[in-house]
Structure formats: C-alpha cells, structure tokens
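Report on the following structure.
Indexing begins at 1, ligand by ligand and atom by atom, following the structure's order. A quick note: this is a predicted structure, and the numbers were derived from the prediction, not measured.
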Amino acid sequence: MSFVKQDKTCSMENKKKLLFPFIAPPNGGKGTQTHVLATQYGLPAFDMGATFRSILKDGSDVELKAELDSYMNKGRLVPIETVVKVFEKSFQKLVDANPGASGFILDGFPRNLEQAYALEAFCKRSGSQLSVAKAIYLNVGLDVVKRRAIGRRFCSDNPRHVYNIFIESLMPVSQSGNSKEPLSDSWLCPVDSAALVLREDDKVETVEKRLIEYQKETDPLIDYFRSNGMLLEVDGELSPEEITLKIMSCITPLLKVVTV
Ligand code: AMP
C-alpha cells in the first residue's frame, strides 16, 4: 500500500485522496468517531454495513439480498467475493460523486487481511490516486464492548432512544403499573414510558460469537497495518472527546500535506 507523499504540483482534480479505514470491535465507538471526523474535515464516509443494509432494503437484486441476509442475520462476515464486488462498485460511485474531496473515511472495510489486500489492489488500479493514509484502530477491551452490548436497550416506540441498563438507573416495567406481568429483565424508556427491548444482535450468545469472529479476523489486519507503519492505535476506552482529539492530531497534518 502506498504512503502519503507531498505533491505540491497536483491540481484539485488529480490530487491524491487519502483513505482512513476505521477498525473497532462491535460497539467500540466507531460510528461516533467516523461521524464527528467526517463532519469536521468534510470527508465523505463509506459504510460497508450500511451499504449492505440499503441493498437489503432495496431488494431488487434477489440473489444478492438472499446471500447478504443469510450472513448478516447470523452476525457472520459476508464472503470476500461479494464484499469486494459491492465495495468497488459503491465506493467508486462515492469517489466519482466527490471529485474535490481530500479523502474518505472507510467504516467497516477492510475487516480482515484478504479485504486489505483487495483494497491495496483497488488503490493501485486508481493509479495510486487513492491511498491508505492511516488505519485508525480503536482499542477497546472485549469485556467492555460485551458489557456495552448486552446492557443496551432500545425504546420500543423510538429506537433512537438507547440506554444501558448497567449505566442508567431505569424504572422496571413491573414497578410502573404499565405491565400486567412483572418482568425481571424489562425497563421503561424515561422519555416515552414504552418498554425497552433487547435486540437480537445484542443477545449474549450472538455478541460472544461476533466478538470471537472479530478477534480472529481483525488481529492479522491490525498486525498488517502496524507492520507497514500505517496504524494509529487509540485507547478506545477514553472519553469520546479525547479519542476525537487524538485522531485529529494525527490526521490533520496528513490532510494538510495533500492540500498544500
Ligand atoms: P456493521 O453495520 O458494520 O455492524 O455490519 C453489519 C453486518 O454486515 C456485519 O455483521 C456483516 O455481516 C456485514 N459486513 C459489514 N461489513 C463487512 C465486511 N467488510 N466484510 C464482511 N461482512 C461485512
């Protein structure tokens, strides 16, 4: 994979575009950071999981939909051929739609070594106009993300109201008078007074399976970026604001180099 080199002669259209893949365990705070940084630097973000979800929603490619469904429902990684095909087509569209962008955030791609090699080949085919500048790894203990996931509850009326039963003091349904049956694992949304629900994805068995798969696939990917001097490792257990500052202090100088 090519490194970022200073190029003061290149025009806006053909200047190098820097890629910043994010690596973090499920519930590792990746979404929060990619959103803040995309806004802060005006870097368009490509989200592999969201791309798959929009294909599922669209439903026009029946075969692809069935394949994605069968893997995503189980929290398993989609096979490499499909991932690469979807990535190349959808990401190229994003690049073409943003000719003036200095770079792009990659959320959820690459997720393993095979995908990193596919990204490397894709960058080479772009004539190195696209180049991975830093892979940003949010290092969060797996016990911490497991607790975040299994404690997470969504409001059944408004899924944007999200809580954690280990952090927030919530009113149990059984004490509210809203439920006929006292439920030992059920709380109320403090905003809507609707029952909070545990997502299928956040059940302890599913979370454990996803974390084992994450570790197996991601460890070699982290080693690969680290050994190429392309890894920024950040303590993902710091506050979201501290994490953002650490990432910004690394990527601001890189983006300045290409925009001189
Ligand atoms: P996410 O939104 O990142 O949690 O992804 C949701 C699901 O999409 C994952 O559980 C996988 O099934 C699939 N997925 C997302 N990104 C990838 C990827 N890079 N490789 C394989 N499968 C992926």
| task | Answer yes or no: is there an ion pair linking Glu88 with Arg125, defined by an N-O contact shorter than 4.0 Å? | result |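 Result for this pair is yes, salt bridge flagged.
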| field | Under-4.0 Å salt bridge between Lys124 and Glu120 | value |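 Salt bridge: yes.
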| Close residues, ligand 1: non-hydrogen atom nearer than 4.0 Å |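 Residues near ligand 1: Met48, Gly49, Phe52, Arg53, Met72, Arg76, Leu77, Val78, Val83, Gly108, Arg111, Gln115, Arg210.
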| Take atom NZ in Lys146; do more than 12 heavy atoms of anything else shown fall under 6.0 Å from it? |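 No, because the 6.0 Å sphere around NZ of Lys146 holds 12 heavy atoms or fewer from other groups.
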| request: Spell out, as yes or no, whether a donor-acceptor pair under 3.5 Å connects the side chain of Asn158 to the backbone of Arg160. | output: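 Answer holds: yes.
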| request: With the side chain counted from C-beta on, respond yes when Phe91 and Phe122 share a heavy-atom pair under 4.5 Å apart, and no when they do not. | output: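 In contact.
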| Quick one: side-chain hydrogen bond (donor to acceptor under 3.5 Å, both in side chains) partners of Ser156, sequence neighbours excluded? |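 For Ser156, no residue satisfies side-chain hydrogen bond (donor to acceptor under 3.5 Å, both in side chains) once neighbours in sequence are set aside.
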